[in-house]
Amino acid sequence: MTERIWKVIAGDAQHKLKLAEDLEIQCYVLENHERVIAELGLTTAIGFSRGKPSNSNCSEEIDENDSSPKKGKNTTQAAHENPRFTIGAWLFPYLTPKTLDDLNSPIKFKSGTLSYGYPATMLVDIANAVTNAFMDDATTIRQLRIVKNAQRILSSCAKVGINALIDEVTGYQALRDDQELQKFFDVFLNEKPADWKKTYPDEYYQQIYRLNGWEYPPKWKNHPQIVAYWTINAVYDRLAPQLTPELERRNPMSLSGSRYYNHHQFLSDAQGYPQLEKHLYAITSLMRTCNNWQEFERLANRAFPIPGTNMEMIFPHNDPNNLPN
């Protein structure tokens with residue numbers, strides 16, 4: 001069975017994870033969304049020397065930082081350089097079976113050329129093993145440089161934070177957010193419009209006219225263009241993050257300057273449309289409590305802030321509704 005070679009979707013050799021002024025590591029995000037650090041980066045970051053290829057017939061390997069060589073046969077078949085520290089007598093007892101297994105089974109990925117790497121959290125696992133060995137007085141002066149590097153790594157990133165650091169430096173954070181947003185749109189919206197049905201209650205428009213001091217027309221007619229702009233702000237901008245741009249993408253303008261469909265025709269029956277109905281009821285109810293459009297805007301910003309904006313803070317001495325009698 002051929003071992004899979006993963007594709008890199010974020011990260012490159014120029015953008016490294018910087019843990020200290022003189023400590024940088026190549027890192028990537030693969031198509032399976034796993035964060036990995038390059039094989040060479042793992043060993044050099046902590047201060048280990050590189051080993052001989054694991055497919056060599058060498059029966060004894062000596063860690064240059066270990067005064068007690070450990071004999072053993074290397075059985076892994078991967079054509080990569082097995083880290084020499086895995087056979088160091090001073091460190092081996094502190095490496096977990098999972099860590100050893102991952103070290104012997106590096107992840108193959110392609111970033112221009114074929115490369116090998118390890119799960120990002122392994123950097124912290126090995127730094128912890130080095131620190132534990134030091135705490136047990138299993139290290140010597142020769143390993144002091146390695147101990148210091150391990151301590152610097154642990155102080156720079158906790159295990160739960162290493163993925164976030166890699167996401168930021170590779171640019172995957174924005175890609176991840178876009179993917180999550182797209183998953184939301186997949187259930188909140190339909191790609192094709194549904195049949196039109198009356199959605200906005202008459203009172204919604206009646207309240208807009210009242211709050212602006214306009215006379216409501218006795219017969220139906222097209223509302224002023226500003227009403228459509230206000231509806232975007234009061235409804236779709238506040239209903240979900242980035243909903244308006246996505247609706248505009250799915251429902252573009254025609255050559256005449258109008259849209260082919262109403263935005264609400266793209267909301268899904270499962271989630272989008274029910275949420276719109278609830279929001280329209282809440283917005284219309286809020287309008288009833290206001291005396292003018294400016295007051296409604298101010299209260300809407302407090303009750304239904306647009307995602308990604310700062311909620312307006314009204315202090316008692318500035319709020320006309322809190323003036324003393």
Side-chain angles (χ1 to χ4, degrees), residues 4-51 54 63 65 78 80-86 88 91 94-96 98-134 143-181:
R4 178 160 184 175
I5 300 175
W6 297 95
K7 178 182 177 182
V8 171
I9 62 172
D12 53 58
Q14 283 69 46
H15 296 83
K16 298 181 180 180
L17 176 63
K18 189 171 185 178
L19 298 177
E21 283 298 323
D22 58 341
L23 185 56
E24 295 182 338
I25 306 172
Q26 284 183 236
C27 53
Y28 305 90
V29 179
L30 307 184
E31 58 185 313
N32 63 345
H33 308 295
E34 183 167 14
R35 290 79 164 174
V36 299
I37 53 178
E39 182 180 51
L40 178 59
L42 174 71
T43 55
T44 57
I46 300 182
F48 294 117
S49 61
R50 300 184 71 183
S54 61
D63 190 337
N65 299 298
H80 75 104
E81 293 189 353
N82 233 20
R84 295 177 66 180
F85 62 82
T86 59
L91 183 60
Y94 299 92
L95 297 173
T96 67
K98 175 66 166 59
T99 299
L100 289 170
D101 184 60
D102 287 343
L103 285 168
N104 287 321
S105 305
I107 301 166
K108 290 184 179 180
F109 63 93
K110 200 161 188 178
S111 177
T113 59
L114 179 64
S115 303
Y116 294 88
Y118 302 105
T121 52
M122 184 182 288
L123 181 65
V124 178
D125 292 336
I126 295 176
N128 272 321
V130 171
T131 301
N132 290 336
F134 173 74
Q143 284 99 38
L144 186 58
R145 174 175 56 90
I146 294 175
V147 173
K148 288 182 177 179
N149 285 340
Q151 291 174 339
R152 286 201 301 166
I153 289 170
L154 292 177
S155 66
S156 297
C157 61
K159 186 171 183 176
V160 294
I162 185 69
N163 285 344
L165 290 172
I166 290 180
D167 288 356
E168 180 178 357
V169 75
T170 61
Y172 181 64
Q173 179 175 328
L175 178 61
R176 180 195 62 203
D177 292 343
D178 287 344
Q179 290 173 337
E180 292 301 316
L181 194 59

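Side-chain atoms are counted along with the backbone in the values below, which use heavy atoms only and exclude waters and symmetry mates. Here, residue 1 is the first one in the sequence, and each next residue gets the next number. Given the structure is predicted, the values throughout are model-derived calculations rather than measurements.
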Measure the shortest side-chain to side-chain distance between I126 and L42 over non-hydrogen atoms and say whether it is less than 4.5 angstrom. yes
Only counting residues at least two apart or in another chain, list the ones meeting side-chain contact (heavy atoms from CB on, under 4.5 Å) with A10. V29, T170, Y172
So, do E39 and Y118 sit near enough that their side-chain heavy atoms are less than 4.5 Å apart? yes
Distance, nearest 0.5 Å, that separates CD1 of I25 from CG of L17: 5.5 Å
Nearest 0.5 Å, please: how far is CD in Q26 from CD in Q14? 8.5 Å
I would like to know whether K108 and Y116 meet side-chain contact (heavy atoms from CB on, under 4.5 Å); could you show each step before the answer? CA-CA 5 Å; K108 290 184 179 180; Y116 294 88; 3.6 Å; yes
Are side-chain heavy atoms of L95 and D125 found at a separation under 4.5 Å? no
List the atom of V147, the atom of V130, and the distance in Å for their closest heavy-atom pair. CA-CG1, 3.8 Å
With heavy-atom distances below 4.5 Å as the criterion, would you say the side chains of V36 and V8 are in contact? no
For C27 and V169 the tightest heavy-atom approach is SG-CG1, 3.6 Å
F48 and L91: CA distance, side-chain angles, deciding distance, side-chain contact (heavy atoms from CB on, under 4.5 Å) verdict: CA-CA 12 Å; F48 294 117; L91 183 60; 3.7 Å; yes
If you measure from OG1 on T131 to CD on Q151, what distance do you get to the nearest 0.5 Å? 5.5 Å
Partners of F109 by ring-ring contact (aromatic ring centres under 6.0 Å, His included), sequence neighbours excluded? Y28
Is a side-chain donor or acceptor of T43 paired with a backbone partner of L40 at a separation under 3.5 angstrom? yes
How far does OG of S111 sit from CG of L30, to the nearest 0.5 angstrom? 9.5 Å
Once you round to the nearest 0.5 Å, how far does CD1 of I5 lie from CD1 of I107? 13.0 Å
R4/E31 salt bridge by N-O under 4.0 Å criterion: yes
Side chain to side chain, H33 and Q179, heavy atoms closer than 4.5 Å: yes
Measuring only between side-chain heavy atoms, which start at C-beta, is M122 closer than 4.5 Å to L103? yes
Looking at side-chain heavy atoms only, is the closest gap between E34 and P119 below 4.5 Å? yes
Do the side chains of L23 and I153 get nearer than 4.5 Å, heavy atoms only? yes
For L154 and V124, which heavy atoms make the closest approach, and how far apart are they? CD2-CG1, 3.7 Å
